[in-house]
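This chain uses plain numbering: 1 for the first residue, then up along the sequence.
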Amino acid sequence: EPTSHGIVQPKWFSVLATYDVFRPFGTAKHATNDLARAQYLSIEPALGVIEPLERPDAAPLLPVTNQNIHDLIDSYMCDKNKEGNSYSYSDDVVPLYGEMSAWDTSALQDLCGAFSPNRFSRCGIPTGCTGLTGPGKDITGLNVSSVTTMAACFDGASTFNQNISSWDVSSVVDISDLFRGATAFNQSLSSWQTSSVTTMARAFLSAQSFNGDISSWDTSKVLYMGG
């Protein structure tokens with residue numbers, strides 16, 4: 001609708017692709033908070049005025065994408081930022097994305113280092129967390145059918161032991177370092193369809209508790225299995 005300056009502006013505006021402009025507070029956690037709040041904005045282009053609006057009750061939950069997955073995980077799961085300051089912004093993002101168990105991950109392709117405290121060293125992705133030991137909320141029902149890389153997804157997630165046997169991993173190509181250092185994990189993965197996997201180096205390295213039968217896995221395309 002027209003503004004007071006006669007400029008037509010969108011009532012709702014998604015800024016998923018440009019959320020870096022909402023990082024004025026200097027920490028990844030604050031950036032995540034701003035990202036959540038900035039999904040729907042009232043914008044007056046002539047003046048550059050950005051004014052948060054309430055999300056309409058009827059609006060669908062926002063999708064979890066390759067671009068926001070890591071910030072959202074930090075927001076839902078971390079108690080402290082890298083400077084050791086306590087924070088909790090899950091109340092800000094839950095109304096937009098839903099609880100973690102209900103996330104719309106149907107378009108998600110990249111889970112590299114998603115639940116790993118070693119995210120930066122393994123995948124080059126910064127984290128606003130300290131002491132991330134695994135997902136603290138239910139992720140057993142996530143739709144990962146479009147995911148192609150799960151490299152280091154649970155690397156170092158020392159408390160993780162959820163039953164993810166129902167995950168559809170048929171599109172996954174890379175599971176290197178997947179459960180590396182996930183010392184508590186010991187769930188059945190025998191039903192996983194791994195026919196697309198080409199890389200599984202160190203997938204279970206130092207996963208001390210894991211004793212599952214994966215003899216049925218299709219490894220016909222695997223090129224790298226060391227470690």
Item to complete: Apply side chain to side chain contact (heavy atoms under 4.5 Å, CB included) to the pair W192 and V197, showing each step before the final yes or no.
Response: CA-CA 11 Å; W192 275 18; V197 173; over 6 Å; no
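- Side-chain contact between Q193 and D218 is absent, with no heavy atoms from C-beta onward closer than 4.5 Å.
- When atom types are taken as modelled, the side chain of W217 and the backbone of L189 share a donor-acceptor pair closer than 3.5 angstrom.
- Distance check, rounded to the nearest 0.5 Å: CG of L111 to CH2 of W167 gives 6.0 Å.
- When side chains are defined from C-beta on, N186 counts as touching F210, because their heavy atoms get closer than 4.5 Å.
- No path of Ile, Leu, Val, Met, Phe, Trp and Tyr side chains, each step under 4.5 Å between heavy atoms, connects F179 with V173, placing them in separate hydrophobic clusters.
- At a threshold of 4.5 Å between non-hydrogen side-chain atoms, the residues L178 and F185 do not count as touching.
- Contact detail for S146 and A107: the closest heavy-atom pair is CB-C, 4.5 Å.
- At distances below 3.5 Å, at least one donor-acceptor pair connects side-chain atoms of R119 with backbone N or O atoms of A114.
- Interatomic distance, L108 CG to D104 CG, rounded to the nearest 0.5 Å: 9.5 Å.
- Minimum interatomic distance between P63 and N68 (heavy atoms only, all atoms of both residues): O-ND2, 3.4 Å.
- Applying the side chain to side chain contact (heavy atoms under 4.5 Å, CB included) criterion to S145, with sequence neighbours excluded, gives N143, D168.
- When all heavy atoms of A152 and C123 are compared, the pair lying nearest together is CB-SG, 4.3 Å.
- Listed by first and then second residue, the salt bridge (Lys or Arg N to Asp or Glu O under 4.0 Å) pairs that reach into residues 146-160 are R122-D155, sequence neighbours excluded.
- Two different hydrophobic clusters hold Y224 and L205 under the rule that ILVMFWY side chains link at heavy-atom gaps under 4.5 Å.
- C153 SG to D177 CG: the interatomic distance, rounded to the nearest 0.5 Å, is 11.5 Å.
- No donor-acceptor distance shorter than 3.5 angstrom exists from the side chain of S171 to the backbone of V147, with no hydrogens or angles considered.
- Residues satisfying the side chain to side chain donor-acceptor pair (under 3.5 Å) test with N161, not counting sequence neighbours, are Q187.
- Between atom OG of residue S176 and atom CE of residue M200 there is a gap of 10.0 Å, rounded to the nearest 0.5 Å.
- Residue N211 holds its CG atom at 11.5 Å from OG of S188, rounded to the nearest 0.5 Å.
- What you find for S165 and S191 is that their closest heavy atoms are O-OG, 2.9 Å.
- For the pair N66 and Q109, the tightest heavy-atom approach, listed with the atom from each and the gap, is OD1-N, 3.0 Å.
- Heavy-atom minimum distance, S209 versus T183: OG-O, 2.5 Å.
- Residues F154 and I164 have side chains in contact (heavy-atom distance under 4.5 Å, counting atoms from C-beta outward).
- The side-chain contact (heavy atoms from CB on, under 4.5 Å) test with Q67 is passed by exactly one of I69, T65, D71: T65.
- Within the 4.5 Å cutoff, the side chain of W103 has heavy atoms near those of the L72 side chain.
- Between the OG1 atom in T199 and the NZ atom in K221 there is a gap of 12.5 Å [rounded to 0.5 Å].
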